[in-house]
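Residue indices begin at 1 and follow the sequence shown. Just so you know, these numbers come straight off a predicted model, no measurement behind them.
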Amino acid sequence: MQPESILTTIQHLQKRENPMSIQSAERVDVVSLTDAVRPHLDDVRARARATENARQQTPETIELIKELGLVRALVPKVYGGLEHDVYDWLQALRLLSTADMSAGWVAGLASAHSFVITKFDKRVQDEIWGELGPDAIVSSATALFDDGIAQPTDGGYTLSGRWRFASGITAADWVMALIKVPVADSGEHAPYWALIPKSDFTIDDTWRVSGMRGSGSHDFTVDNIFIPDYRLGGPGLAVEPTDGPLYDNPLYTLPFLVIFPIIFAPVAVGGAEAAVELFRTQLATRKAALSGVPLKNSALSQVRLAEAAMRTRAMVALIEKRWQDVADHVRDNRTIDPDLAMWWRVDDAYVGHEAVRIAEHIIEGAGASIYYEKDVLQRFWRDLHSVGGHTHFNTDSAMQILGRHLLDLEPDPTLI
């Protein structure tokens with residue numbers, strides 16, 4: 001079975017009748033998450049070096065993202081969650097990422113995974129939020145490295161395997177792993193998501209990388225564990241409940257592929273904004289190595305800074321419109337137009353790619369001193385390159401999606 005594209009997912013959901021009577025999304029009476037994050041940015045920045053050295057988020061930062069409401073942002077209210085405004089949630093992740101991209105990445109995935117869990121059987125939601133509360137952290141991994149083929153047994157499946165790139169796994173209470181489930185009498189396998197509790201997986205310390213070290217994206221393994229069938233979601237990459245959403249808030253009518261990958265762009269944007277500001281600060285005090293002339297008086301430096309700032313401004317305008325579109329769809333309980341959803345996918349990829357290019361533009365004029373490991377601008381440069389390597393920012397794939405659409409060709413299900 002091929003993975004579903006955002007277009008095919010939207011088209012499938014449009015054909016499905018929703019049995020629930022859904023009212024307009026009510027405004028949640030909570031403090032803005034963006035405002036809640038802002039006073040803590042200096043503390044997150046101060047811990048960034050220790051986070052890199054630890055190759056995972058510090059306990060202080062994990063506790064902070066819970067206290068601020070970032071983990072529970074999209075958790076249903078019945079479990080103590082916020083059902084928060086999508087736009088403000090994404091802006092909070094963007095702001096957090098200006099201090100430490102890996103902190104924004106872990107917080108974003110933890111909260112996006114909470115949204116995804118609402119697509120699963122109510123029994124596993126009770127196991128996660130009913131037992132651990134709305135700040136339970138769920139990691140995920142799509143990169144199956146070894147085995148991962150579920151074997152049918154009474155009441156579920158047995159599973160062994162290894163997965164890579166499980167961001168935030170060291171702080172996780174559960175993990176969501178993409179597995180292979182045999183299709184009866186076909187000899188083939190279908191992709192399913194499996195929710196696995198902390199007691200059933202083992203973390204393998206493999207995350208020794210150049211960028212996004214603080215994301216703690218280690219491997220994990222499972223060895224002949226039992227997974228009840230209600231902890232599986234699928235078939236396919238995009239989990240959607242067969243009988244429609246379980247909750248009245250239109251937030252939960254949004255497809256898996258609208259919310260799950262939406263958190264990557266705020267991290268890239270926040271990182272690019274931080275890089276521009278660091279470059280501006282350095283130019284204000286640096287002098288040319290040989291002449292001693294203040295670089296702020298250099299026309300070339302002024303133009304380089306201005307171009308970086310202008311490109312960042314354009315990038316932000318594009319992505320903020322995309323985020324507001326999603327939030328408006330929730331507020332007005334609107335059906336998502338597949339054409340718009342396609343543009344959202346391409347917007348994300350373009351922004352991720354542009355954030356890396358902005359960083360490269362800055363680094364070309366930042367001098368040799370930024371190559372010291374302790375330099376903060378260098379950290380953002382490394383982190384942006386690592387984030388830019390994520391499959392969601394694959395502009396070749398995204399532009400092919402766009403090109404096929406513009407030429408009125410059928411969506412290619414292998415492009416996601």
Side-chain angles (χ1 to χ4, degrees), residues 51 54-59 61-66 70-75 81 93 96-97 100-120 124-125 127-129 131-146 148 159-179 191-209 212-223 225 227 231-234 237 239 256 259-264 266-267 386-387 390-392:
T51 298
R55 293 175 294 110
Q56 63 184 39
Q57 288 300 303
T58 64
T61 299
I62 293 297
E63 188 60 31
L64 176 66
I65 65 174
K66 291 181 178 181
L70 288 171
V71 176
R72 68 176 65 189
L74 305 185
V75 173
L93 297 176
L96 181 60
S97 299
D100 180 0
M101 289 175 62
S102 62
W105 185 268
V106 170
L109 283 172
S111 47
H113 292 154
S114 294
F115 170 84
V116 171
I117 291 167
T118 68
K119 309 284 188 180
F120 281 77
V124 75
Q125 296 181 43
E127 287 180 326
I128 296 173
W129 294 319
E131 296 179 14
L132 299 175
D135 293 323
I137 291 181
V138 179
S139 179
S140 72
T142 60
L144 176 59
F145 187 68
D146 182 46
L159 180 70
S160 297
R162 172 185 289 270
W163 289 260
R164 303 177 72 183
F165 305 119
S167 297
I169 188 73
T170 55
D173 302 293
W174 287 68
V175 69
M176 191 171 72
L178 198 62
I179 68 171
Y192 278 73
W193 288 103
L195 285 165
I196 303 169
K198 186 175 184 177
S199 57
D200 284 349
F201 63 79
T202 301
I203 299 170
D204 192 357
D205 185 350
T206 55
W207 192 240
R208 300 177 185 278
V209 292
M212 292 297 285
R213 295 173 183 169
S215 69
S217 304
H218 299 284
D219 290 12
F220 71 91
T221 61
V222 300
D223 184 16
I225 64 170
I227 303 178
R231 290 184 186 167
L232 264 59
L237 181 63
V239 179
F256 175 106
I259 291 295
F260 182 49
I262 203 173
I263 67 93
F264 301 131
V267 178
S386 293
V387 165
H390 193 279
T391 187
H392 193 61

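Here F120 contributes atom CZ and L232 contributes atom CG; the two are 7.5 Å apart, rounded to the nearest 0.5 Å. With rounding to the nearest 0.5 Å, the separation of CG in L159 from CD1 in I225 is 5.0 Å. Atoms CG and CD1, from L70 and I65 in turn, are 6.5 Å apart once rounded to the nearest 0.5 Å. Annotation: the span from M212 atom CE to R55 atom CZ amounts to 15.0 Å, rounded to 0.5 Å. Distance check: I62 CD1 to T170 OG1 gives 6.5 Å after rounding to the nearest 0.5 Å. To the nearest 0.5 angstrom, I117 atom CD1 is 11.0 Å from L74 atom CG.
Between R231 and P197, the shortest heavy-atom distance links the atoms NH1-CD, 3.6 Å. When all heavy atoms of P266 and L93 are compared, the closest pair comes out as CB-CB, 4.1 Å. Scanning all heavy atoms of the two residues, the minimum distance from A110 to I137 falls at CB-CG2, 4.3 Å. For the pair P191 and L178, the tightest heavy-atom approach, listed with the atom from each and the gap, is CB-CD1, 4.3 Å. When all heavy atoms are compared, the tightest approach of I259 to A112 is O-CB, 4.2 Å. Contact between V106 and G214 at its shortest, heavy atoms only, is CG2-O, 4.3 Å.
Annotation: side chain of T202 is not in contact with side chain of F220 (no heavy-atom distance under 4.5 Å). Contact check for Y192 versus L237: no side-chain heavy atoms found under the 4.5 Å cut-off. Using a 4.5 Å cut-off on side-chain heavy atoms (C-beta onward), L195 and V138 make contact. Contact annotation: the side chain of S167 approaches that of L109 to within less than 4.5 Å [non-hydrogen atoms, C-beta and beyond]. The closest side-chain heavy-atom distance from D223 to S160 is below 4.5 Å. Counting only heavy atoms from C-beta outward, the side chains of I196 and I227 approach each other to under 4.5 Å. No side-chain heavy atom of Q56 sits less than 4.5 Å from a side-chain heavy atom of I169. Using a 4.5 Å cut-off on side-chain heavy atoms (C-beta onward), W174 and V124 make contact.
Between D219 and R162, at least one side-chain N (NZ, or NE/NH1/NH2) sits under 4.0 Å from a carboxylate O, which counts as a salt bridge.
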From CA spacing to verdict: side chain to side chain donor-acceptor pair (under 3.5 Å), T58, T61: CA-CA 5 Å; T58 64; T61 299; 3.2 Å; yes
Derivation and outcome, side-chain contact (heavy atoms from CB on, under 4.5 Å), residues V387 and M101: CA-CA 9 Å; V387 165; M101 289 175 62; 3.6 Å; yes
Criterion side chain to side chain donor-acceptor pair (under 3.5 Å) on W105 and S97, from CA distance to verdict: CA-CA 8 Å; W105 185 268; S97 299; over 6 Å; no
S102 vs D100, side chain to side chain donor-acceptor pair (under 3.5 Å): CA-CA, chis, key distance, verdict: CA-CA 5 Å; S102 62; D100 180 0; 2.8 Å; yes
Steps toward side-chain contact (heavy atoms from CB on, under 4.5 Å) verdict (S111, V71): CA-CA 5 Å; S111 47; V71 176; 5.7 Å; no
Chi angles and distances behind the side-chain contact (heavy atoms from CB on, under 4.5 Å) call for F165, S215: CA-CA 9 Å; F165 305 119; S215 69; over 6 Å; no
Residue pair R72, D135: steps toward the salt bridge (Lys or Arg N to Asp or Glu O under 4.0 Å) verdict: CA-CA 5 Å; R72 68 176 65 189; D135 293 323; 2.6 Å; yes
side-chain contact (heavy atoms from CB on, under 4.5 Å) evaluation trace for W163 with T221: CA-CA 6 Å; W163 289 260; T221 61; over 6 Å; no
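In this structure R213 satisfies the side-chain hydrogen bond (donor to acceptor under 3.5 Å, both in side chains) test with no other residue, sequence neighbours excluded.
Taking the six-membered ring wherever Trp is involved, the centroid distance between the rings of H113 and F260 falls below 6.0 Å.
Note: H390 and F264 have tilted aromatic rings, judged against thresholds of 30 and 60 degrees for the angle between ring planes.
When atom types are taken as modelled, the side chain of Q57 and the backbone of G216 share no donor-acceptor pair closer than 3.5 angstrom. No donor-acceptor pair under 3.5 Å is formed between the side chain of H218 and the backbone N or O of I203.
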